> 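My structure is below; once you've seen it, I'll send some questions.
Predicted, not measured: the structure shown is a model, and the values here were computed from it. Whatever order the structure lists them in is the order used to number ligands and atoms, beginning at 1. All residue numbers in this chain count up from 1 along the given sequence.
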Amino acid sequence: MDFSRLISDKMLGVKASAIREIFKVAGKPDVISFAGGLPAPESFPVDAIKEICADILDNDPVTALQYGISEGYAPLKELVLKRVKEKEQIGNANDDIIIVSGSQQGADLTAKVLLNEGDGVICEEPSFIGCLNTFRTYNAKLYGVPMNDDGMDLEVLEETLKINPNIKLIYTIPTFQNPSGITSSLAVRQGMLRLAQKYGVMILEDNPYGELRFSGEKVPTIKSMDTTGNVIYLGSFSKVFSPGLRLAYLILDKGVMEKFVVGKQATDVHTNVFSQMIVARYLDKYDIDSSIAKSRELYKHRCGLMLSCMDEYFPKNVTYTRPDGGIFLWATMPKGTDSGKLMLEAVERKVAFVPGSAFMTDIEKPSHCFRLNYSTMSDEKIEKGIKILGELLSERL
Ligand SMILES: Cc1ncc(COP(=O)(O)O)c(C=O)c1O
């Protein structure tokens, strides 16, 4: 059957993610993959989760297995609000919370509530492909603002806002950005907030990596500085607990909350209650901070090792970011080179990474940059893979 007539306009422009395609190759056991974006599996608190599941099914099975509330499981909401207040100074009298099925759904709901077809979304260039695709599926127009070492270029941001009145949303990942590893400075965060207020647009602050800092000074979240309700904050348990449980949360102004709740009801009624109960009990009875501290140590080690191997094996005309946390770094080759072509050659040598074009507003345009992930590979594989990549780069550049 010819399905093309039946596919909606909004899905026509969205292609299968380049990363998913690369995963097919990168997932082969003989490939050293720096292409993924997964948390280290050794960080999953499996024994604790076993105990918690038994406890839930012994003592509160009906709550776990029955329909729940769209806003989220009340004890989890309370624990998350307490935690973000302590850790990020987020939460004023006008803020509310809704538990969502992963940050991905948080971005999707935000788009569903705010965007008409043709409305504009400003994003960092490069930015996280998953959320760019979310905005694409709502037929939003993406405006990429280039990233400097300290975050979005504020002059370009203001110019873009000034000349495009269709813009409603600025999407930013200010801390240990995916894909670049860059952390936006306090000045850039303040500037983004000031411009959002000036031009009457919302900011979606996506912060799944914020707790994974292994060096440098903490920078306040944009939401913690928001007194006007312009910022929607998106936090996630994917990188600090488990992505498979699909748990994240939006903290947003009460004035827009109702639309988010109705939007969520229309999508999946509510987030999986069993998952919410597991995380709530873990936050309440176990020590998530010490578990996150272990992940931080591991990522610090793996990032440091990857960087020192890159220092040794990469040619000097390739530069790269030195992240203070998170799980990605970003390499830049000389202008005019194509990381997509390089990736095909790297895969032949059994090493995978993601070419920069995947993270751009125009994915067809070749990019001279690429993303490397360091969270899941062993020391041996990091050393071997970076050496192979270094040799390939030296031959080609
Ligand atoms: C910046 C960013 N936002 C959102 C997500 C989606 O995460 P979740 O598992 O919470 O849906 C990711 C996942 O890699 C991410 O890097």
> Counting only heavy atoms from other residues, nucleotides and ligands, does the tally under 6.0 Å from NZ of Lys384 exceed 12?
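It does not: Lys384 NZ has 12 such atoms or fewer within range.
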
> Can a side-chain donor-acceptor contact be found between Thr175 and Arg189 if the only test is distance below 3.5 angstrom?
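Arg189 vs Thr175: donor-acceptor pair found between side chains.
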
> Is it the case that Asp226 and Asn230 place a side-chain donor and acceptor less than 3.5 Å from each other?
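Side-chain D/A pair, Asp226 to Asn230: absent.
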
> In the protein, what heavy atom is nearest to atom 13 (C) of ligand 1, and what distance, to one decimal place, separates them?
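Protein heavy atom with the smallest distance to atom 13 (C) of ligand 1: Lys239 NZ, 3.1 Å.
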
> Just by distance, with hydrogens left out, do Asp108 and Thr267 show a side-chain donor and acceptor under 3.5 Å apart?
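No, because no side-chain N or O of Asp108 sits under 3.5 Å from a partner of the opposite role on Thr267.
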
> Assess, by modelled atom type and distance only, whether the side chains of Glu125 and Thr361 contain a donor and an acceptor separated by less than 3.5 Å.
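Yes.
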
> Starting from atom 16 (O) of ligand 1, find the nearest protein heavy-atom neighbour and note its residue, name and distance.
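For atom 16 (O) of ligand 1, the nearest protein heavy atom comes out as Tyr209 OH, 2.5 Å.
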
> For atom 2 (C) of ligand 1, what is the closest protein heavy atom, and at what distance to 0.1 Å?
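Result for atom 2 (C) of ligand 1: Asp206 OD2, 3.3 Å.
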
> Taking 4.0 angstrom as the limit and counting only heavy atoms of Ser236, give me the atoms of ligand 1 inside it, by number and element.
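Numbered from 1, ligand 1 contributes 10 (O).
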
> Go through the side-chain N and O atoms of Lys264 and Thr271 and say whether any donor and acceptor fall under 3.5 Å apart.
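Side-chain D/A pair, Lys264 to Thr271: present.
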
> If you measure from each heavy atom of Gly37 to ligand 1, is any distance below 4.0 Å?
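No, Gly37 has no heavy atom closer than 4.0 Å to ligand 1.
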
> Going by atom types alone, do Asn166 and Tyr143 pair a side-chain donor with an acceptor below 3.5 Å?
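There is such a pair (donor and acceptor under 3.5 Å, judged by atom type) between the side chains of Asn166 and Tyr143.
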
> Any idea which protein heavy atom is nearest atom 12 (C) of ligand 1, and the distance to it?
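For atom 12 (C) of ligand 1, the nearest protein heavy atom is Phe128 CZ, 3.4 Å.
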
> Run the numbers for me: atoms of ligand 1, each under 4.0 Å from some heavy atom of Gln104, listed by number.
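Every atom of ligand 1 under 4.0 Å from some heavy atom of Gln104: 11 (O).
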
> Give the residue, atom name and distance (to 0.1 Å) of the protein heavy atom nearest atom 9 (O) of ligand 1.
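Result for atom 9 (O) of ligand 1: Ser238 OG, 2.6 Å.
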
> Nearest protein heavy-atom contact for atom 11 (O) of ligand 1: which residue, which atom, what distance?
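The protein heavy atom lying closest is Arg246 NH2, 2.8 Å.
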
> Which ligand 1 atoms, with their elements, are less than 4.0 angstrom from a heavy-atom of Gly102?
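This gives 10 (O), 11 (O) as the contact atoms.
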
